2 protein chains.
Amino acid sequence: MARGDASDAPRVDPEELWLRPARPRRGRPPAFSREAIAAAAVALADAEGLGAVTMRRVASEIGAGAMSLYSYVPDKETLVELMIDHVSGEHVVPGLPTGDWRADLKAVAHAQRALMLRHPWLPAALPGRRTLGPRTLDFLEVVLAALRPTRLDGGARLEVFSLLTGFVAGHVAHEVARSAAAGEPDRAAAEARYLAAVAADGGHPELAEVLAAPARPTTPDETFARLLDRMVDGLDAG
Amino acid sequence: MARGDASDAPRVDPEELWLRPARPRRGRPPAFSREAIAAAAVALADAEGLGAVTMRRVASEIGAGAMSLYSYVPDKETLVELMIDHVSGEHVVPGLPTGDWRADLKAVAHAQRALMLRHPWLPAALPGRRTLGPRTLDFLEVVLAALRPTRLDGGARLEVFSLLTGFVAGHVAHEVARSAAAGEPDRAAAEARYLAAVAADGGHPELAEVLAAPARPTTPDETFARLLDRMVDGLDAG
DNA sequence: AAGTAATTCCGTACGGTGTACGAGAATAGC
DNA sequence: GCTATTCTCGTACACCGTACGGAATTACTT
């Protein structure tokens with residue numbers, strides 16, 4: 001990110017954020033809802049990228065004044081948190097757990113990837129993550145249930161969850177960047193020339209060999225499935 | 001990231017960036033070097049976080065006017081690229097390959113983690129990555145060499161490299177966030193209360209069980225090593 | 001020696017960002 | 001009706017990346 005740092009922010013209380021009282025008894029009634037705001041922000045990010053998600057932009061999209069958002073959200077960072085949890089509601093995998101934890105884990109990972117391809121800004125937004133929202137916790141719950149047959153202890157199961165999420169996010173980020181680069185043939189060609197030049201200097205024989213070998217075409221789906229299989233099959237059942 | 005998007009940027013030619021002519025024949029001689037600029041930016045990011053890295057700040061740190069940096073770098077994004085490649089020179093793992101590719105891969109991953117702990121902004125900066133700089137290519141070369149005994153084809157070896165890097169980055173990002181949160185006991189307590197409240201509502205039995213189980217203390221090093229072993233041991237040689 | 005082209009240096013300025021502040025508006029309880 | 005409470009949002013500020021253009025400095029050409 002060229003994003004700000006994560007080391008000095010005045011974070012928000014997750015209790016305040018996620019389990020807020022249903023309605024204040026007094027005062028002017030809110031004209032919008034966090035749900036609606038999150039939905040608008042997500043739509044914006046989907047259409048124009050995370051960079052287009054601005055307080056002013058989101059507010060105007062929803063028909064509100066710029067500063068009104070701050071009644072619902074203390075921070076822009078929190079808005080992003082809301083967005084993440086909003087889309088997290090989408091990846092439901094019906095029929096889990098099946099008892100075959102490896103298959104379940106793979107199904108979950110495929111759902112995560114589908115979600116991230118649908119919302120390409122997600123992998124980039126995830127690293128700054130603060131707390132897990134309710135939708136994300138629902139998802140966590142499913143993964144933990146799927147991992148029950150492994151007899152891993154609680155901590156280890158949480159680790160596997162974050163390992164899996166991190167893997168998928170990293171992979172999809174790569175995938176998205178790659179497909180974006182493919183849209184600009186000039187740049188792709190320049191990059192290829194650069195790598196070729198490096199390979200030609202003799203200092204990188206392994207790289208040269210890899211580049212020289214004809215890359216047989218594989219679809220992104222196949223590549224992901226292959227890597228995922230490698231990873232999941234290697235996980236020890238404890 | 002709450003960072004800008006990666007889908008519409010006017011990228012820079014990697015040839016222009018990385019294999020620039022040694023010196024222009026004419027014109028005023030440069031007062032600084034990309035190396036020095038990158039070093040200053042890295043020092044800044046190490047000390048105050050990636051958010052403190054602004055063009056003006058870096059320039060003043062080096063004793064230059066704000067706009068002078070644009071003679072060396074077309075973009076702020078490119079500056080970050082420079083920073084990444086600058087620190088990539090640090091993770092040398094002597095004596096590779098040994099022939100035991102799993103052990104080599106683990107050693108490499110540990111070196112990567114050490115690097116990222118030394119430069120906590122790195123995991124956050126990585127997702128926007130454009131091209132691989134020379135230092136990073138040196139590192140890639142080592143990993144490819146280590147993977148030679150696997151007889152994986154070139155594409156698969158590149159995949160393993162990015163899988164490994166992504167895994168380490170994701171894990172360290174988590175680690176850094178966690179240790180930052182530990183510095184604010186109020187927030188950590190609030191988060192714990194929030195999770196306890198969610199667990200208490202009965203809708204997340206698996207989560208409740210995990211939270212109820214006493215977490216036996218493990219060091220971050222152990223945790224990382226365990227996850228890494230799980231992953232690497234699972235990689236197929238084939 | 002003089003001129004010209006190339007390159008770096010950097011002050012100024014512009015549009016855009018997150019958000020602090022505070023004055024108004026709308027509601028509920030007393 | 002009064003007051004407390006909450007949402008609304010115009011204005012303002014500091015800061016960001018960077019476009020622009022003139023001054024400074026060098027090397028090549030003549």
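Values in this document were obtained by computation on a predicted structure and should not be read as measured data. Only heavy atoms go into these numbers, but all of them, side chains included; no hydrogens, no water, no symmetry mates. Quick note on labels: first sequence line is chain A, next is B, and so on, each numbered from 1.
- Not one N or O on the side chain of A/Thr54 forms a donor-acceptor pair closer than 3.5 Å with the backbone of A/Arg57.
- Judged purely by atom type and a 3.5 angstrom limit, A/Glu81 uses its side chain to pair as donor or acceptor with the backbone of A/Thr131.
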side-chain hydrogen bond (donor to acceptor under 3.5 Å, both in side chains) between B/Trp121 and B/Asp46, worked out
CA-CA 7 Å; B/Trp121 47 270; B/Asp46 287 348; 2.7 Å; yes

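- B/Ala31 comes within 4.0 angstrom of the backbone, heavy atoms only, and of no base.
- A/Asp85 contributes a side-chain N or O that, together with a main-chain N or O of A/Thr136, makes up a donor-acceptor pair within less than 3.5 Å.
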Readout for nucleotides 22-30 of chain D: B = base within 4.0 Å of protein heavy atom, S = sugar-phosphate only, - = neither; 5' to 3' it is --BBBBS--

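- Annotation: side-chain hydrogen bond (donor to acceptor under 3.5 Å, both in side chains) contacts of A/Glu90 (sequence neighbours excluded): A/Arg118, A/His119.
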Between B/His86 and B/Glu35, does a side-chain hydrogen bond (donor to acceptor under 3.5 Å, both in side chains) hold up when you go through it step by step?
CA-CA 8 Å; B/His86 184 83; B/Glu35 200 68 17; 3.3 Å; yes

Applying side chain to side chain contact (heavy atoms under 4.5 Å, CB included), run through B/His204 and B/Glu209 and close with a yes or a no.
CA-CA 9 Å; B/His204 301 77; B/Glu209 189 181 321; over 6 Å; no

Can you name the atoms? Protein N/O to nucleotides 10-19 of chain C N/O, anything below 3.5 Å, with the distance.
unit_1 : atom_1 : unit_2  : atom_2 : d
C/dC10 : OP2    : B/Gly65 : N      : 3.1
C/dC10 : OP2    : B/Ser68 : OG     : 3.1
C/dT17 : OP1    : A/Thr54 : OG1    : 3.1
C/dG18 : OP1    : A/Lys76 : NZ     : 3.1
C/dG18 : OP2    : A/Met55 : N      : 3.2
C/dG18 : N7     : A/Arg56 : NH2    : 2.6
C/dG18 : O6     : A/Arg56 : NH2    : 2.9
C/dT19 : OP1    : A/Asp75 : OD1    : 3.3
C/dT19 : OP2    : A/Tyr70 : OH     : 3.0
C/dT19 : OP2    : A/Lys76 : N      : 3.0
C/dT19 : O5'    : A/Tyr70 : OH     : 3.4
C/dT19 : O4     : A/Arg56 : NH1    : 3.4
C/dT19 : O4     : A/Arg56 : NH2    : 3.3

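- Relative orientation of the A/Phe224 and A/His171 rings is tilted, given thresholds of 30° and 60° on the angle between their planes.
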